[in-house]
Amino acid sequence: MTTRTLLAAALAAATLAPQIATAAGQRSPGTRPEPQVEVVQTVGCVEQRISEETTWWLTRAVEPTETRPRVFNEVEVEEARENTSGDHVFQLVGVADFLTAEGLLRFGQRAIFTDPEQINATGELRAGRTVLVKGLLIEADDVSRINLLSVVGLADTCGQG
């Protein structure tokens with residue numbers, strides 16, 4: 001092979017390596033994989049439903065919008081205060097860390113493996129409260145869910161809607 005042919009082959013291999021790695025399920029350095037579920041944010045009214053087990057719901061929620069998985073900034077919180085009533089309903093999952101300390105200890109079996117001194121609960125998720133939430137949207141035929149990443153209280157009551 002000539003030097004020119006070897007150089008062309010090396011250049012082609014270097015150019016195609018990222019596409020080949022991606023096609024093989026490997027990602028190239030410095031890139032992030034696309035999420036398999038959408039991270040969304042929405043505003044609504046917190047509701048607690050008690051039957052065989054306690055579940056938490058976001059009712060009167062506005063249409064969820066896709067967002068990045070980071071903390072809320074002041075602008076997002078202020079914008080959310082202006083749009084607080086919709087007609088969507090979501091079951092909230094992953095709620096324990098957003099309950100009060102007492103609520104966290106009553107949730108599931110958390111009291112078995114959480115000492116009161118170790119509790120790290122925000123207290124932002126309370127029934128009858130308007131909140132801004134961010135989480136993973138899990139859509140299903142029976143009920144849509146949001147697996148919580150962040151919760152910010154907007155008002156201690158739910159507006160009429």
Which heavy atom of I50 sits nearest a heavy atom of T54, and at what distance? CG1-OG1, 3.9 Å
State which residues pass side-chain hydrogen bond (donor to acceptor under 3.5 Å, both in side chains) with E139; sequence neighbours excluded, sorted by chain then number. none
What distance do K134 atom NZ and T67 atom OG1 have between them, rounded to the nearest 0.5 Å? 4.0 Å
Show which residues join W57 in its hydrophobic cluster (side-chain heavy-atom contacts under 4.5 Å, direct or indirect), or state none. V89, V143
Would you say D142 has more than 12 foreign heavy atoms packed within less than 6.0 Å of its CG? yes
Under a 3.5 Å distance rule, please check whether T59 uses its side chain to pair with a backbone N or O of C45 as donor and acceptor. yes
I want to check something: taking the side chain as every heavy atom from C-beta on, are R68 and V39 in contact at a cut-off of under 4.5 Å? no
Should L137 and V133 be regarded as members of a common hydrophobic cluster, given that ILVMFWY residues are connected when their side-chain heavy atoms come within less than 4.5 Å of each other, either directly or indirectly? yes
Identify the heavy atoms of L149 and P69 that sit nearest to each other, and give their distance. CD1-CB, 4.4 Å
Is there a side-chain contact between L148 and L125 (heavy atoms, below 4.5 Å)? yes
Taking all non-hydrogen atoms of both residues, which atom of T42 and which atom of A61 are closest, and how far apart? OG1-CB, 3.9 Å
Which residues share a side-chain hydrogen bond (donor to acceptor under 3.5 Å, both in side chains) with R129, sequence neighbours left out: E124, D156
Hydrophobic clusters join Ile, Leu, Val, Met, Phe, Trp and Tyr when side-chain heavy atoms are under 4.5 Å apart, directly or via other members; which others share one with V77? V43, V62, F72, L132, V152, L154
Value rounded to 0.5 Å, distance of CG in L136 from CD in E38: 10.5 Å
Does V40 share a hydrophobic cluster with V93, counting links as ILVMFWY side-chain heavy atoms below 4.5 Å and allowing steps through other members? no
Only pairs at least two apart or in different chains count here, so list each salt bridge (Lys or Arg N to Asp or Glu O under 4.0 Å) that has a residue in residues 69-80. R70-E76, E78-R81
By side-chain contact (heavy atoms from CB on, under 4.5 Å), A155 pairs with (sequence neighbours left out) T130
